[in-house]
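Please read all numbers here as calculations on a predicted model, not as lab measurements.
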Number of protein chains: 2
Amino acid sequence: MEEISLKTIANRLGISISTVSRALKNHPDIREETKKAVVQLAEELEYEPNHLAFQLLKRKSNAIGVIVPKISYPLYADAISGMEAVAEAEGYQLLICQSNEDYQKEIKQINSLIASRVSGIILSVSAHTTQYDHLLRIQSRNIPFVLFNRDCEQITCSKVLIDNHKAAFEAVRHLVSLGKQRIAFLGGPPHLQISQRREQGYRDALTWAGLVLNEELIQQVEFSKEVIMETISTLLNSPLPPDAILTYSDQIAQRALVMARQRGLRIPQDLALIGFNDEPVDELLEPSLSSIRQPAYEMGTEAARLIFKELNSAKFAYEKIILESRLMPRGSTMG
Amino acid sequence: MEEISLKTIANRLGISISTVSRALKNHPDIREETKKAVVQLAEELEYEPNHLAFQLLKRKSNAIGVIVPKISYPLYADAISGMEAVAEAEGYQLLICQSNEDYQKEIKQINSLIASRVSGIILSVSAHTTQYDHLLRIQSRNIPFVLFNRDCEQITCSKVLIDNHKAAFEAVRHLVSLGKQRIAFLGGPPHLQISQRREQGYRDALTWAGLVLNEELIQQVEFSKEVIMETISTLLNSPLPPDAILTYSDQIAQRALVMARQRGLRIPQDLALIGFNDEPVDELLEPSLSSIRQPAYEMGTEAARLIFKELNSAKFAYEKIILESRLMPRGSTMG
DNA sequence: AACGTTTTCGCAAACCTTTGCAGGAAAATC
DNA sequence: GATTTTCCTGCAAAGGTTTGCGAAAACGTT
């Protein structure tokens, strides 16, 4: 009924708490006979050591804090999956929070994680985070800290990213090689640096290809479904519509694909499409959607690994891991 | 540099720890002047209360343990999202584990959560869990415990489910109303009771409609993509192929849709399809996929709410919440 | 000045574990 | 029989917080 502690076992056996503790740890100082009795009673009572007390003693919890914009974005779900695998192997657990793209909530959650004395924090900044004092506070407390996917140039810390500039550049190059001339870019939330870098990659690729840079073909969308549809609509209705679109996310590209289909546009002849993230369903669409694959699960494992690396080495240099992304050409570009 | 505790503040101010504690809690016993000094110094030193110590004192952590088969299944990602929202409002955090459909891992994680003294556990059993002693152990410790989505009849506890029998029944009724005669069922992992119940709903609906029950049209698939494709292939290649398929998950139905399309079958005339889960992409497929919507996010919020309800009331009766599922008829059944 | 009341604060216990050190008892050695 | 050695076990501190209770100080009243 009540909580079983070392004390419970000690009292029942008429020995001291420290003996019980050592017996359970198979300490050589303890007589075999005593050990046996202790272990048996512990099993009988279903004793589980109290992590809380241990953590208090060690002044840190065996938990890694994770803050992502939204757990249900497939990329983050996969990344968390990867972190969980590494953490589990190290005997750690994950404390997972979602910022819901809200800057204030991000701050609150960081404070909460600090109060919980997590051993490390892994974070992808929200779309509305423009100040970074709260991130500096993590570092000033010497808590191992890793940024992944959504970077933040102003902060110097370990990072796990892909080369967004290069990924966008190559996507555009692919479109150019197919003879596309009026290539549009549907970017994500403007404050997100990964969105900015993808846009820059897009711009640089156009310049590289000697194509005209048309600002009307560059749009930014937030996450709402309605805004996305409206922006796509405007773009397709313009007097000189694009013949190809590169988007910030698959969510946008998938929607564009359906809307283009409904308008009777031939894909990819009239309009080619490339998305970002390579969600599993991309290959099920008609036509299947070309997309840039990001190693989401691996991002998670690498981020977690960096935390433990920092945790286990006295002096530690920040590490920046750039994982390979890969364009997956499919029906929406290759006819 | 070093850890800031109540003691640090107390020493600096030459007062006792308990006074500092009370001052920060705005206890009426403390003089305004003292409070002001304490609060100011606390802010200056960026004091964050140590949750670990508090939790040890209260003999429980402010965390809810969550075990799901896989975080990256959209249904679980959404459900976790819902739990997180409720937990956050209550000042709690989520400890998230994934069993990866592994029975042994599920046991290990439950023990680990118990050792962490979580305030409650929310669980969806793995596909390979056939014994339930580990779940009983949770209850014998009086830890609030909620099962969601994947039920387990042998355990009496609070639950958040949908009526899987009814959902499958109505899906079949829909297919029958379209004139379908040879309706197949592609079930999930055989040990999962939700899979069994969906199958039973399917069977009962056929009987109700006066249709022949053909065991060859009932197949079970595990989660691997290859097995799914092979099973679908066999089904479509049989001498008397089905004219409709109800599947355990959207993942299966989506794949069936693509394979049928590739074979030149007309959907829904030659083959109608209904999936389970109503994933967002269903409406983007060609034709769009009919599916049974499950309120995943709401399952999460309700499950979390039940934990807190149990946590906050001395005597508590188990509660079983059946949420409404809803058939979303689309192109794969409605031409 | 004596007493009562209120205001303000500190002591100490409790939560559970780990671990350095000391100490007791038995065994071994001289 | 005395001393050393070996083996086993217990004491106590530490980690940070909350809180009941007691006590000191300040104030008010007669």
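- Contact check on A:D29 versus A:R22 returns no salt bridge, with no Lys/Arg side-chain nitrogen under 4.0 Å from an Asp/Glu carboxylate oxygen.
- Running 5' to 3' along DNA chain D, contacts with non-hydrogen atoms of chain A at under 4.0 Å begin and end at D:dC8 to D:dG16.
- At whole-Å resolution of the value, CG in A:L56 and C1' in C:dA14 are 13 Å apart.
- Comment: A:E33 does not engage A:K36 in a salt bridge, judged by the lack of any side-chain N to carboxylate O separation of less than 4.0 angstrom.
- Note on A:K58: a side-chain N or O is less than 4.0 Å away from OP1 or OP2 of C:dT19.
- Closest of all the heavy-atom pairs between A:E101 and A:H128 is O-ND1, 2.7 Å.
- Taking side-chain N and O atoms only, B:S16 has a distance below 4.0 Å to OP1 or OP2 of C:dG10.
- Heavy-atom minimum distance, A:V125 versus A:R150: O-NH1, 3.0 Å.
- For B:K108 and A:E88, the salt-bridge test passes: some basic side-chain N is under 4.0 Å from an acidic carboxylate O.
- Ion pairing between a basic and an acidic side chain is recognised when a charged N comes within 4.0 Å of a carboxylate O; A:E3 and B:R59 show no such pairing.
- Taking only side-chain nitrogens and oxygens, B:T34 comes nearer than 4.0 Å to OP1 or OP2 of C:dC9.
- Regarding A:R31, its CZ atom lies at a distance of 11 Å from the P atom of C:dA26, rounded to whole Å.
- Nearer the 5' end of DNA chain D, as judged by each residue's closest nucleotide, is the contact made by B:N50, out of B:D29 and B:N50.
- Counting distance only, with no hydrogens placed and no angle test, the side-chain atoms of B:S18 and the base atoms of C:dC11 include a donor-acceptor pair under 3.5 Å.
- For B:N26 and C:dT8, the CG to C1' distance is 15 Å, given to the nearest whole Å.
- Atoms CG (A:N11) and P (C:dC16) sit 12 Å apart, rounded to a whole Å.
- Using a 4.0 Å cut-off between charged nitrogen and carboxylate oxygen, A:E48 and B:R117 do not count as a salt-bridge pair.
- Positionally, the nearest nucleotide of DNA chain C for B:I30 lies more toward the 5' end than for the other of A:K25 and B:I30.
- Residues B:R117 and B:V20 both approach DNA chain C. Their nearest nucleotides, taken by heavy-atom distance, put B:V20 toward the 5′ side.
- One can place NZ of B:K35 at 8 Å from P of C:dT8, the figure rounded to the nearest angstrom.
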